[in-house]
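Down below is the structure, laid out as structure tokens.
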Amino acid sequence: MTENQQTKMLELNRLLKQYAKEYYEQDQPSVTDAEYDRLYQELVTLEDAFPELTLADSITQVVGGQISSGFEKVHHETAMLSLGNAFSYEDLVAFEERIKKLVSGPIHYNCELKIDGLAISLKYQEGKFIQGATRGDGKIGENITENLKQVKDIPQVLPEPLTLEVRGECFMPKSSFVELNEEREAQGENIFANPRNAAAGSLRQLDTRVVAKRNLSSFIYAIATPEVLALTSQSDGLSKMSALGFHINPEAVVCASIDDVWAYIQKYQELRHDLPYEIDGIVIKVNEFTLQEAIGYTVKAPKWAIAYKFPAEEAQTKLLAIEWTV
Ligand code: NAD
């Protein structure tokens with residue numbers, strides 16, 4: 001351990017917290033996601049090498065940002081977590097090796113597009129939509145029910161009188177983002193850096209009429225209460241949520257090996273620009289719920305899932321977008 005390393009870790013924490021504040025709370029990132037991810041990985045490597053120097057409130061131990069005071073607070077019964085990251089084929093192999101130390105037998109992976117929006121929780125009581133919230137710091141989010149009622153593909157009533165909670169991503173389609181920025185530019189207003197920030201900024205509006213005009217959309221990807229429906233796997237869950245009327249991303253696929261996962265990643269790395277919404281990677285989830293339970297969680301993320309982040313090109317797009325706003 002040297003003083004230099006300690007200073008470096010303190011500095012990385014300070015910088016990453018500043019960037020997280022700009023990104024999560026102000027919807028105004030000043031660096032690209034790739035740069036943020038690079039600094040974050042540098043800190044993770046140092047913390048792995050010097051665990052005794054890891055700060056209790058290190059950015060690697062907490063989820064998301066602070067809550068905006070404009071909204072009522074919502075306590076999440078089950079924490080809304082982050083995801084660990086992978087940047088290469090080798091990282092995926094290492095992910096599988098970690099899993100195989102915890103469980104035996106064949107493992108299937110549900111691969112999903114990683115939608116670049118913001119996480120939402122939707123609660124239904126006897127089939128009626130009663131509460132919508134942001135992830136916030138994972139334990140406490142913002143009550144944005146009225147704003148989420150303006151998102152047309154979020155069902156207000158389910159076809160069955162179920163009491164359940166689902167989670168997904170709220171996002172702004174690329175076409176709505178371009179239109180919104182054109183409008184803002186014409187009116188001399190600041191434009192949004194990217195669709196993710198535009199979606200986050202829109203959901204924080206206190207006036208629901210503004211939200212209604214923003215053409216937001218959603219993809220639901222998890223049931224926080226799978227016991228309600230006696231579900232056994234993530235792929236089962238997606239089919240059931242689709243049957244209940246939720247908007248489910250159609251590109252999800254179950255893979256039987258990491259090589260198949262890698263082929264899926266390559267495919268969507270090519271196709272991502274043809275999609276009508278932004279994706280920033282692929283989420284790989286162990287499909288069977290019994291295995292997920294056995295594999296478990298860290299303080300910040302499930303150990304049974306990982307987010308593969310697409311490389312560099314995103315950095316250029318976002319940098320350009322940020323330069324336009326200056
Ligand atoms: P994350 O974005 O890496 O992964 C977790 C999130 O993925 C979930 O909360 C959910 O919202 C989303 N997601 C999208 N599709 C999903 C799917 N199909 N299944 C499950 N989840 C899905 O983690 P995070 O903690 O939300 O954010 C960290 C990331 O945010 C960083 O890696 C960086 O890219 C970005 N960030 C950027 C800055 C910046 O200054 N540019 C600052 C902070 C964070």
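It should be emphasised that the depicted structure is a prediction, and the values quoted were computed from it without experimental measurement. Atoms within each ligand, like the ligands themselves, are counted from 1 in listed order. Atoms considered below: every heavy atom in the structure, side chains included; atoms not considered: hydrogens, waters and symmetry mates.
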Practice task
From the options Leu83, Val62, Leu39, select the one whose nearest heavy atom is closest to atom 5 (C) of ligand 1.
Solution key: Leu83
Exercise for the section: From atom 42 (C) of ligand 1, work out which of Tyr24, Tyr23, Tyr221 has a heavy atom at the shortest distance. Expected result: Tyr23
Exercise for the section: Examine the proximity of ligand 1 to Lys114 and report which part, side chain or backbone, both or neither, has a heavy atom under 4.0 Å away. Expected result: both
Exercise for the section: Evaluate whether atom NZ of Lys309 has more than 12 neighbouring non-hydrogen atoms of other residues, nucleotides or ligands under 6.0 angstrom away. Expected result: yes
Handout entry: Proximal ligand 1 atoms for Ser82, defined as those under 4.0 Å from one of its heavy atoms
Key = 23 (O), 24 (P), 25 (O)
Exercise for the section: Identify whether the distance between the nearest side-chain nitrogen and carboxylate oxygen of Lys213 and Glu183 falls below 4.0 Å. Expected result: no
Practice task
Tell me, please, whether Phe87 has Arg38 positioned over its six-membered ring: NZ or CZ under 6.0 Å from the ring centre and within 45 degrees of its axis?
Solution key: no
Exercise for the section: Output yes when Glu278 and Arg196 qualify as a salt bridge under the 4.0 Å nitrogen-oxygen rule, no when they do not. Expected result: no
Problem - Ala119: numbered ligand 1 atoms lying under 4.0 Å from its heavy atoms - result: 9 (O), 11 (O)
Problem - Close N or O approach (Leu113, ligand 1; < 3.5 Å) - result: yes
Exercise for the section: Report yes or no: does Leu81 have a heavy atom closer than 4.0 Å to ligand 1? Expected result: yes
Fill in the blank from the handout: Exactly one candidate in Val283, Leu275, Leu271 meets side chain to side chain contact (heavy atoms under 4.5 Å, CB included) with Leu113; the answer is Leu275
Problem - Side chain, backbone, both or neither: the part of Glu22 lying under 4.0 Å from ligand 1 by heavy atom - result: neither
Practice task
Flag yes if more than 12 heavy atoms outside Glu126 fall under 6.0 Å of its CD atom; otherwise flag no.
Solution key: no
Exercise for the section: Select one of side chain, backbone, both or neither to describe which atoms of Asn85 lie under 4.0 Å from any atom of ligand 1, heavy atoms only. Expected result: side chain
Problem - Arg14 and Glu11 ion-paired at < 4.0 Å - result: yes
Practice task
Kindly identify the option in Asp33, Asp37, Ile279 whose heavy atom sits closest to atom 32 (O) of ligand 1.
Solution key: Asp37
Problem - Parallel, tilted or perpendicular, as decided by the 30° and 60° cut-offs, for the rings of Tyr268 and Tyr264 - result: tilted
Practice task
Enumerate the atoms of ligand 1 whose separation from the nearest heavy atom of Thr32 is less than 4.0 angstrom.
Solution key: 41 (N)
Problem - Nearest neighbour of atom 14 (C) of ligand 1 from the list Val31, Asn249, Ile115, on a heavy-atom basis - result: Ile115
Practice task
Grab the two heavy atoms, one from Leu148 and one from Phe129, that are nearest each other, plus how far apart they are.
Solution key: CB-CZ, 4.2 Å
Practice task
Answer with yes or no whether Met80 contacts ligand 1, where contact means a heavy atom under 4.0 Å from a ligand atom.
Solution key: no
Exercise for the section: Could you say whether the N/O atoms of Tyr36 and ligand 1 ever approach to under 3.5 Å? Expected result: no
Handout entry: For Lys285, the ligand 1 atoms whose distance to one of its heavy atoms is below 4.0 Å
Key = 17 (C), 19 (N), 20 (C)
Practice task
Identify the two heavy atoms, one from Ile284 and one from Cys111, that lie closest to each other, and give their separation to 0.1 Å.
Solution key: CG1-SG, 4.3 Å
